[in-house]
> 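Sending over a structure as structure tokens; questions will come in a sec.
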Amino acid sequence: MGTKSKMESIRERQQRILKLDKIKQLGVNPYPYAFSRSHMIEEVTKSQDELIENEKEISLAGRIMALRGHGHTSFGNIKDNTGKIQFYIKDEVVKEDAFKLFKLLDVGDFIGVRGVLFRTRTEELTLRVREIELLSKSLLPLPEKYHGLQNKELRYRRRYLDLIVNDDVMDIFVKRSRIIDSMRGYLKGQGFLEVDTPILQSLYGGAAARPFKTHHNSLDIDLYLRIADELYLKRLVVGGIERVFEFSRDFRNEGMDRSHNPEFTMMECYAAYWDYNDVMKFLEGMLASICHDLYGGYEITYGEYEINLKPPWKKKTFFGALEEKTGKYLKDVDNEELEKIASERDIDVEKGLSRGALLDLLFSELVEPELIQPVFIIDHPIEISPLAKKHREFDGLVERFEPYIAGFEIANAFSELNDPLDQRQRFEEQVSKREEDSGEFHPLDEDYLMALEHGLPPTGGLGVGIDRVVMLLTNSHSIRDVILFPQMRPEESQD
RNA sequence: GGGCCGCUAGCUCAUCAGGUAGAGCACCUGCCUUUUAAGCAGGUGGUGACUGGUUCAAGUCCAGUGCGGCCUACCA
């Protein structure tokens with residue numbers, strides 16, 4: 001049978017190819033090179049009174065979104081990146097060939113039009129077309145004009161259609177871009193330098209996650225896609241870049257769900273001479289500023305919640321928050337007791353979990369879901385924070401914080417561990433624990449330790465989950481709605 | 001990984017109890033010089049995700065596979 005092409009079964013495509021031939025017979029190139037437009041549609045809408053009054057000839061370009069033919073005339077709509085406008089074309093107004101061409105156009109085609117604005121009987125702003133140019137002929141039809149594209153699978157796989165048809169989707173990705181601009185501007189305004197560090201790393205680190213593995217042919221070595229850029233950025237602080245940041249695409253070879261995509265974007269930044277208190281102030285200020293840039297205020301709606309991002313945000317210690325829920329201060333409580341507390345609350349506990357894992361579990365089950373308004377959870381147990389500096393006051397804790405908003409963690413930060421001998425010891429503990437768990441060999445990052453031994457100043461560091469921030473600020477409930485091309489299984493297996 | 005649900009025309013969806021499929025939009029033909037989910041008349045379009053089973057007969061029942069959605073778990 002050979003390959004069955006879905007395309008070839010579409011009759012409409014064949015119809016459009018016939019039209020394409022007729023267009024060529026008119027001497028028209030259906031795929032010309034450029035078109036100069038005088039206005040964007042949004043500008044036209046804004047200054048419509050003036051444009052109508054002066055009968056100013058304008059030119060617009062865009063995709064045909066609708067056609068309503070009436071014999072000798074036609075109405076239609078074109079859409080550009082700023083909006084949509086109705087046009088009106090009448091056979092007596094345009095040249096004969098132009099009307100012939102128009103009759104061969106379809107919804108989905110790109111056109112350029114020149115003419116003068118007027119208002120119809122129903123007061124709709126409309127361009128009376130004097131000249132029309134085909135800018136690109138489309139062969140496949142757009143989704144249905146009223147219901148649009150609903151099927152989520154198709155929306156993710158053919159995001160371009162989703163963007164054409166669902167304005168709110170376009171809006172999310174415009175906002176995503178603006179959020180990143182705003183964050184970058186804020187960082188630069190505070191003297192941070194943007195850098196690029198390796199994505200292909202021979203040794204991965206900076207987080208606890210399984211990596212993607214690849215191979216470099218001419219070096220004949222295995223490489224990993226980074227799971228974090230933390231260790232490289234701190235090398236740069238050692239190198240004298242006192243404030244440094246990177247928007248880092250990270251890759252983690254783990255499960256996917258509403259808040260995890262295998263590749264995602266993290267903004268990490270490091271500032272010499274800051275501790276985690278400084279970072280907290282910085283972060284709340286930055287997020288509030290981004291929100292203000294976007295919406296002109298600090299209040300946002302996320303699902304059923306009204307959230308206020310205005311600083312200062314509350315702070316709760318990790319164990320303090322747990323104590324509120326369990327009535328017990330758990331810092332010095334042993335594993336057996338922790339397991340008991342979990343099972344009393346119907347939390348499934350696997351046997352042999354480490355103390356850190358148990359605490360983490362209790363926290364995410366009991367505390368996390370209730371952290372709706374912005375709050376900094378601070379001073380985590382040392383077991384789950386191998387890169388954070390020991391707490392200046394409390395034994396067994398580190399100077400770390402995680403801000404929670406709307407029930408999920410949006411960042412992770414600490415006073416960076418800059419004692420090279422302490423770091424070595426913590427790495428060694430991590431490594432042996434991981435080897436126990438997975439049976440794999442995990443080499444120490446000696447190169448990073450060497451950098452630390454040359455001296456890292458006191459440093460505050462921060463990693464912000466960009467996708468989650470975008471979710472929060474666009475009221476999106478799946479990470480797939482804020483990533484243009486989320487990871488999907490291939491549609492057809494290749495033979 | 002587990003549970004539930006979905007997959008029917010390009011798109012959005014029907015098809016109640018098994019009798020070889022329908023609508024709207026889109027497309028084609030005709031009519032229509034201010035319409036806007038334009039209208040009117042006529043028409044084309046389906047390997048019912050895929051594979052197998054039960055049955056005289058399967059989109060419909062059963063099993064498996066694929067892809068997806070929601071929930072859940074794992075994972076920071």
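Here is the naming used below: chain letters follow the sequence lines, and residue numbers restart at 1 for every chain. When reading the values below, keep in mind they use all heavy atoms of this one structure, side chains included, and skip hydrogens, waters and symmetry mates.
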> Sugar-phosphate atoms are those with a prime plus P, OP1 and OP2; base atoms are the rest. Using that split, label each nucleotide of nucleotides 30-35 of chain B B, S or - for protein heavy atoms under 4.0 Å, 5' to 3'.
--BBBB
> Which residues pass the ring pair (Phe, Tyr, Trp, His ring centres under 6.0 Å) test with A:Phe264, not counting sequence neighbours?
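Here no residue qualifies.
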> Could you tell me which residues satisfy side chain to side chain donor-acceptor pair (under 3.5 Å) with A:Thr122, sequence neighbours excluded, listed by chain and number?
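For A:Thr122, the residues satisfying side chain to side chain donor-acceptor pair (under 3.5 Å) (neighbours in sequence not counted) are A:Thr120.
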> Between A:Lys389 and A:Glu399 (salt bridge meaning N to carboxylate O under 4.0 Å), is one present in this structure?
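Between A:Glu399 and A:Lys389 there is no salt bridge, as every charged N stays at least 4.0 Å from the carboxylate O atoms.
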> Please tell me which of the listed nucleotides, B:rG68, B:rU72, B:rG10, lies nearest to the side chain of A:Arg489?
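For the A:Arg489 side chain, the nearest candidate turns out to be B:rG68.
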> Between B:rC28 and B:rG45, how far apart are the two C1' atoms, rounded to whole Å?
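After rounding to an integer number of Å, I get 10 Å for this pair.
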> My understanding is that only residues two or more places apart in sequence, or in another chain, count here; which of them pass side chain to side chain donor-acceptor pair (under 3.5 Å) with A:Glu370?
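Only A:Lys325 meet the side chain to side chain donor-acceptor pair (under 3.5 Å) criterion with A:Glu370.
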> Between B:rC25, B:rC70, B:rC67, spot the one nearest the side chain of A:Glu144, thanks.
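Taking heavy atoms from C-beta onward, the closest nucleotide is B:rC25.
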> Ignoring hydrogens and angles, are the base of B:rA76 and the side chain of A:Asp360 linked by a donor-acceptor pair under 3.5 Å?
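Flag set: donor-acceptor pair detected.
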> Provide the distance between the two P atoms, one in B:rC13 and one in B:rG2, to the nearest whole Å.
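Nearest-Å result for B:rC13 against B:rG2 at atom P: 29 Å.
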> Give me the distances for all protein-to-nucleotides 3-8 of chain B N/O pairs that come in under 3.5 Å?
none

> Can you list every pair that meets salt bridge (charged side-chain N to carboxylate O under 4.0 Å, His left out) and has a residue in residues 86-95 of chain A, with sequence neighbours left out?
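Salt bridge (charged side-chain N to carboxylate O under 4.0 Å, His left out) check on residues 86-95 of chain A returns no pairs.
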> Quick one: side chain to side chain donor-acceptor pair (under 3.5 Å) pairs with a partner in residues 373-382 of chain A, sequence neighbours left out?
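Non-adjacent pairs meeting side chain to side chain donor-acceptor pair (under 3.5 Å): A:Tyr276-A:Asp379, A:Asp379-A:His391, A:His380-A:Glu402.
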> Looking at A:Tyr160, is A:Arg158 sitting on its ring face, NZ or CZ under 6.0 Å from the six-membered ring centre and within 45 degrees of the normal?
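No, a cation-pi geometry is absent between A:Arg158 and A:Tyr160.
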> Atom NE2 of A:His260 and atom P of B:rA73: how far apart are they, to the nearest Å?
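Distance check: A:His260 NE2 to B:rA73 P gives 13 Å.
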> For A:Arg128, what residues pass the side chain to side chain donor-acceptor pair (under 3.5 Å) criterion, not counting sequence neighbours?
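Here no residue qualifies.
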> Heavy atoms under 4.0 Å, any strand shown: does A:Lys19 hit a base, just sugar-phosphate, or nothing?
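Since only primed, P, OP1 and OP2 atoms lie under 4.0 Å of A:Lys19, the category is sugar-phosphate.
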> Classify the angle between the aromatic ring planes of A:His70 and A:Phe75 as parallel (below 30°), tilted (30 to 60°) or perpendicular (above 60°).
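Perpendicular.
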> From the list B:rU12, B:rA76, B:rC27, which nucleotide is the closest neighbour of the side chain of A:Gln150?
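Of the candidates, B:rU12 comes closest.
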> Of the options B:rA76, B:rC11, B:rG68, whose atoms approach the side-chain atoms of A:Leu149 most closely?
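Looking only at side-chain atoms, A:Leu149 lies closest to B:rC11.
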> Heavy atoms under 4.0 Å, any strand shown: does A:Leu154 hit a base, just sugar-phosphate, or nothing?
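Sugar-phosphate, no base atom in range.
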> Could you pick out which residue, A:Arg157 or A:Lys152, lies toward the 5' side of RNA chain B when each is mapped onto its nearest nucleotide?
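Nearest nucleotide further toward 5': that of A:Arg157.
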> Over all strands shown, is A:Asn77 touching base, sugar-phosphate only, or nothing at heavy-atom distances under 4.0 angstrom?
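Here A:Asn77 touches no strand at all.
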> Could you list the residues that satisfy salt bridge (Lys or Arg N to Asp or Glu O under 4.0 Å) with A:Arg114, not counting sequence neighbours?
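Per chain and number, A:Arg114 pairs via salt bridge (Lys or Arg N to Asp or Glu O under 4.0 Å) with A:Glu131, A:Glu133.
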> Take atom P in B:rA9 and the same atom in B:rA23, then report the distance between them in whole Å.
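Comparing P positions in B:rA9 and B:rA23 gives a spacing of 14 Å.
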> Would you mind telling me which of B:rG68, B:rG46, B:rC70 lies closest to the side-chain atoms of A:Arg11?
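Per side-chain heavy atoms of A:Arg11, the pick is B:rG46.
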> So, does A:Arg210 get its side chain near the phosphate of B:rC74, meaning an N or O under 4.0 Å from OP1 or OP2?
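Result: no.
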> Among B:rA76, B:rC28, B:rC11, which nucleotide sits nearest the side chain of A:Asp106?
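Per side-chain heavy atoms of A:Asp106, the pick is B:rC28.
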> When rounded to the nearest Å, what value does the distance between C1' atoms of B:rC62 and B:rA73 take?
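My reading of the C1' atoms in B:rC62 and B:rA73 gives 30 Å.
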> Please report the distance, rounded to the nearest Å, between CD in A:Glu12 and P in B:rG43.
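Atom CD in A:Glu12 sits about 20 Å away from atom P in B:rG43.
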> Scan for salt bridge (charged side-chain N to carboxylate O under 4.0 Å, His left out) pairs involving residues 460-470 of chain A, sequence neighbours excluded, and state none if there are none.
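Listed by first then second residue: A:Arg176-A:Asp467.
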> In whole Å, measure the gap between the P atoms of B:rA63 and B:rU54 for me.
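Comparing P positions in B:rA63 and B:rU54 gives a spacing of 15 Å.
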> Using the side-chain heavy atoms of A:Tyr404, tell me which of these nucleotides is nearest: B:rA76, B:rC70, B:rC28.
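Among the listed nucleotides, the one closest to the side chain of A:Tyr404 is B:rA76.
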> Using the ring pair (Phe, Tyr, Trp, His ring centres under 6.0 Å) criterion, which residues pair with A:His260? Sequence neighbours excluded.
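For A:His260, no residue satisfies ring pair (Phe, Tyr, Trp, His ring centres under 6.0 Å) once neighbours in sequence are set aside.
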> Enumerate, in order of first residue number, the stems that involve RNA chain B, defined as 3 or more consecutive Watson-Crick or G-U wobble pairs with both distances under 3.5 Å.
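Output for stems: B:1-7 with B:66-72, B:10-13 with B:22-25, B:27-31 with B:39-43, B:49-53 with B:61-65.
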> Looking only at atom P, what distance separates B:rC7 and B:rU12, rounded to whole Å?
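Comparing P positions in B:rC7 and B:rU12 gives a spacing of 12 Å.
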> So, does A:Asp109 use its side chain to make a donor-acceptor pair with the main chain of A:Ser138 at under 3.5 Å?
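A pair under 3.5 Å: yes.
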